[in-house]
4 protein chains.
Amino acid sequence: MIDYRIDRGSGVPAYVQIVEQTERALRMGILKVGDKLPTAKQVVAATAINPNTVLRAYRDMEQAGLVELRRGLGTFVTRSLARPAAEDDAPLRRELTDWVARARTAGLERADVLALVTTALDTYDNEHVHEQDSRTPGDREPNKKKEEDV
Amino acid sequence: MIDYRIDRGSGVPAYVQIVEQTERALRMGILKVGDKLPTAKQVVAATAINPNTVLRAYRDMEQAGLVELRRGLGTFVTRSLARPAAEDDAPLRRELTDWVARARTAGLERADVLALVTTALDTYDNEHVHEQDSRTPGDREPNKKKEEDV
Amino acid sequence: MIDYRIDRGSGVPAYVQIVEQTERALRMGILKVGDKLPTAKQVVAATAINPNTVLRAYRDMEQAGLVELRRGLGTFVTRSLARPAAEDDAPLRRELTDWVARARTAGLERADVLALVTTALDTYDNEHVHEQDSRTPGDREPNKKKEEDV
Amino acid sequence: MIDYRIDRGSGVPAYVQIVEQTERALRMGILKVGDKLPTAKQVVAATAINPNTVLRAYRDMEQAGLVELRRGLGTFVTRSLARPAAEDDAPLRRELTDWVARARTAGLERADVLALVTTALDTYDNEHVHEQDSRTPGDREPNKKKEEDV
DNA sequence: GTGGTCTAGACCACC
DNA sequence: GTGGTCTAGACCACT
């Protein structure tokens, strides 16, 4: 079962953090179609945020077509964002795990790693805007968040 | 000069996005001690956000000891977060650039890449909590974000 | 300015009624792109519902791509649902106005009229499912409500 | 036998939808005094909602004097809402059927049609509030919905 | 002064 | 016992 970690004081709204972490789990294949999210009550017990805040996040994801809220039953994943290339034993993933280990050993903090990756992504995207859209066909979402930048 | 990109609709407050992007530029060495941040007026022209919002971000960074606001002159970087291992021509960075290119070619979206990296970081950190703290001594910052999870 | 009427006791949630009435105004061309919806405060003054309920409705419409919430400014229509055939002086509309007058004169209540129309729509749709989809191209909405039945 | 269609996700409670659809069938003469409603079990099989929800709807209608629940036998219509002017071959109805066909052909969606009708009803009622009450004497119902607006 | 987040708690809808 | 709605009020983000 997914285990939300809310960072109060990051400035990022709690419900946004829940959505982000759920999406991440979907992309990583940790959550699959049909899986049950924790109940609002369980999330409250684990994170000390208000039940309504959890429900707000779940409702947002329902409107985005990611999950379904079934009254009396719980909240269930209805759509996968999993990528084969992101599987546990995919070569790309093994290489990344290795790279991260070396980066951390070299003294880079978590934030440094994320800054490097973001910069690398920006650089790549700037050089390839003309070639392909970053979006896989069929992956259209309403009000999709735009990407940020350095 | 750093070029802020505000993603309205991401749910993340605009001033937080400015701080995040500035920090990232500091870590990447794009901004160095003594460099001047864009004026509020310039940011407003580029992003269509309100001057007060920019000033709020700059004030937060001043409190964090990253920049200094000099009335009538502008806002200047007072502290570096640069990492040698993150330099432009560092082997780690070259490897990452290469990996990102292959990941994108393999069909991974930007969000997939970030999800993978976050997961890899979480995994690494969970396995090394006992060995070392991720924080370089003396690198303490106010408002430091805690880490999240998958 | 659109004037919401909330029917407490209809069993239909207040925020749903706001969304429905706004959509109706969009379809009728009463609201156009760029128009400002009443502020939450104004709606509260007129309907005696809670500001958060209004904001919930506005947020839902934002996610549906119908309006945009601009902090400090208000809520603005971003998409039209207007149909030329529904214009004030369109023949179809004149005929309907006339028909409604005769129906009411014949003793039919409002609910009778709505029941008749719903039934006529159902009958028509059942006979034409194969010919065309009821949806105008480009009018795609996420989580579009399914239609009901007698 | 009436065939309920529940639109989960419309925001309208399931039991309200059952009541609405039953009332509509009564007005259209599809259900007559003495007719038997489907058993809760049948409705459950057709709609995948919970038996208690169906019973809640039937109980509401019993309180409204529309039906009678006879233990062990079923639920039976006890009151008609039929209107002569709404009969299958009434001129008004034929005209409406024709109008709906033309409206749909002209590109109007189901929701457009309902918006037009609602608006026409509102307009008519606003112009005739002084002349007559829309309610036929003796047609008083508990839980009667109040009318809305554009 | 606008909308936005979050809390807290009551009550309802559904299983 | 699950999610859903609504209220009330505090505080924040933004113009």
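Below, read A as the first sequence line, B as the second, and so on, with proteins coming before strands; counting in each chain starts at 1.
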- Task: Report the distance from atom CD of A/E68 to atom C1' of F/dG4, rounded to the nearest whole Å.
- Result: 15 Å

- Message: Less than 4.0 angstrom between a side-chain N/O of C/R8 and OP1 or OP2 of E/dC12, yes or no?
- Response: no

- How many angstroms lie between CD in B/E109 and CG in A/L81, if you round to the nearest 0.5 Å? 8.0 Å

- Task: Please determine if A/R5 and A/D7 form a salt bridge, counting it only when a charged side-chain N lies under 4.0 Å from a carboxylate O.
- Result: no

- F/dC14 P sits how many Å from B/D60 CG, rounded? 11 Å

- Message: OP1 or OP2 of E/dG3 versus the side-chain N and O atoms of C/R71: is any pair under 4.0 Å?
- Response: no

- Between the base of F/dG9 and the side chain of C/N52, is there any donor-acceptor pair under 3.5 Å? yes

- Item | Whole-Å distance separating the CD atom of B/Q17 from the P atom of F/dA13 | 13 Å

- Task: With DNA chain F as reference, determine whether B/P51 or C/R56 sits nearer its 5' end, using the nearest nucleotide of each.
- Result: C/R56

- F/dG1 - base-pair partner by Watson-Crick or wobble geometry, distances under 3.5 Å: E/dC14

- Message: From the set E/dT2, F/dT7, F/dG3, return the single nucleotide nearest to any side-chain atom of A/A40.
- Response: F/dG3

- Would you kindly give the CD-to-P distance between C/Q42 and E/dT2, to the nearest whole Å? 8 Å

- Spacing of D/Y58 atom OH and D/T75 atom OG1 [to the nearest 0.5 Å]: 5.5 Å

- Hey, could you give me the CD1/CZ distance between B/I18 and B/R56, rounded to the nearest 0.5 Å? 11.0 Å

- Task: May I have the distance from B/I6 (atom CD1) to F/dT15 (atom C1'), rounded to whole angstrom?
- Result: 15 Å

- Identify, between C/P38 and A/P13, the residue whose nearest nucleotide on DNA chain E lies closer to the 5' end. C/P38

- Task: May I ask you to verify if any side-chain N or O of A/T53 is less than 4.0 angstrom from the OP1 or OP2 atom of E/dT5?
- Result: no

- Message: With a 4.0 Å cutoff (strictly under), does any side-chain N or O of C/R59 reach OP1 or OP2 of E/dG4?
- Response: no

- Pair B/R24 + B/E20, salt bridge at N-O below 4.0 Å: no

- Atom pair distance, as rounded to whole Å: CD1 in C/I49 and C1' in F/dG9: 17 Å

- Task: Would you mind reading off the distance between C/L55 atom CG and F/dT5 atom C1', rounded to a whole angstrom?
- Result: 15 Å

- Name the closest nucleotide to the A/Y15 side chain, picking from E/dC15, F/dG4, E/dT5. E/dT5

- From the options F/dC14, F/dT15, E/dG3, select the nucleotide whose nearest atom is closest to the side chain of C/L69. E/dG3

- Query: Is the shortest side-chain N/O distance from A/T75 to OP1 or OP2 of F/dT2 below 4.0 Å?
  - Reply: no

- Message: It should be established whether C/K41 places a side-chain nitrogen or oxygen under 4.0 Å from OP1 or OP2 of nucleotide E/dG1.
- Response: no

- Query: When you look at B/T39 and B/Q42, which way does the side-chain contact (heavy atoms from CB on, under 4.5 Å) test go after all the steps?
  - Reply: CA-CA 5 Å; B/T39 64; B/Q42 286 172 324; 3.2 Å; yes

- Query: Picking from E/dC14, F/dC14, E/dC6, which would you name as closest to the side chain of B/N50?
  - Reply: F/dC14

